[in-house]
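Index from 1, following the sequence.
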Amino acid sequence: TLALAYYLTGKESYAAHAARCLRVWFIDPATRMNPHLQYAQAVPGRNEGRYIGMIEADGVVKAVDAAGLLDGSTHWGKNDRASLEIWIADFLDWFMNSEYGREESQMRQNHGTMFDVRVVRLALVLGQHDLAREKLKSVKENRIARQIEPDGSQPMELRRTKSFNYSVMNLTGLTELATLGEWVGVDLWTYETTDGR
């Protein structure tokens, strides 16, 4: 919100506070979040974290993505950007290559879709267009063809306790992936399987 306020108004006070928040969360060694979600959705007494907790990364991804709106501010310099990109690269590596990431990427419902959204957004922030393009191309077969029936239903979401919410979440993720695809020349909007999915 602060980065967007700076971008729209040009007021440096917004950028100054956004930069402070980014430094606290992602750069300062004394306070920064470690670049992983190893303890996401931990259940005390049962586990120290679960791969399904990776879906909670939305706020983190939005925050690091929003940092791009601070470019040009006197309060956010090249060194800040470089330090943040190191954190993002480490986080993306963990996200894709950890045991949790390998599990989450195989999910056949909204978890898998949202995993792809996070990977593509982080790749685009880092300028890794080839990675983003590769992931987006895989959405056709891995997500749309496997998750959507010819009648438009989403069986994996309909089986769940809050089927409407999960169906909307999955469609929101697929819509975001289609929108992100526009940035790297991958058309998901018109993709259709031979049986009309």
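Within a 6.0 Å sphere centred on CH2 of W94, other residues, nucleotides and ligands contribute more than 12 heavy atoms. By the neighbour-count criterion of 12 heavy atoms within 6.0 Å, atom CG of N79 is sparsely surrounded, having that number or fewer from other residues, nucleotides or ligands. Heavy atoms of other residues, nucleotides or ligands lying less than 6.0 angstrom from CD of Q128 number more than 12. In K140, the NZ atom is crowded: over 12 heavy atoms of neighbouring residues, nucleotides or ligands sit closer than 6.0 Å.
The shortest distance between side-chain heavy atoms of R159 and M156 falls below 4.5 Å. Residues V186 and L188 are in side-chain contact: their nearest non-hydrogen atoms beyond the backbone lie under 4.5 Å apart. The side-chain heavy atoms of R118 and I55, taken from C-beta on, include a pair separated by under 4.5 Å.
Taking the six-membered ring where the residue is Trp, the centroids of F91 and F26 are separated by 6.0 Å or more.
Between R23 and D28 there is no salt bridge, since no side-chain N of the basic residue sits under 4.0 Å from a carboxylate O of the acidic one.
The cationic atom of R160 (NZ for Lys, CZ for Arg) lies less than 6.0 Å from the six-membered ring centre of Y166 and within 45° of the ring axis.
Atom CD of E176 is separated from atom CZ of R121 by 5.0 Å, given to the nearest 0.5 angstrom.
Under a 4.5 Å side-chain heavy-atom criterion applied to ILVMFWY residues, the cluster that includes L69 comprises L4, Y7, L8 as well.
If you check the side chains of Y51 and Q38, you find no donor sitting under 3.5 Å from an acceptor.
For S13, the side chain to side chain donor-acceptor pair (under 3.5 Å) criterion is met by no residue, not counting sequence neighbours. For E149, the side chain to side chain donor-acceptor pair (under 3.5 Å) partners are R197, not counting sequence neighbours.
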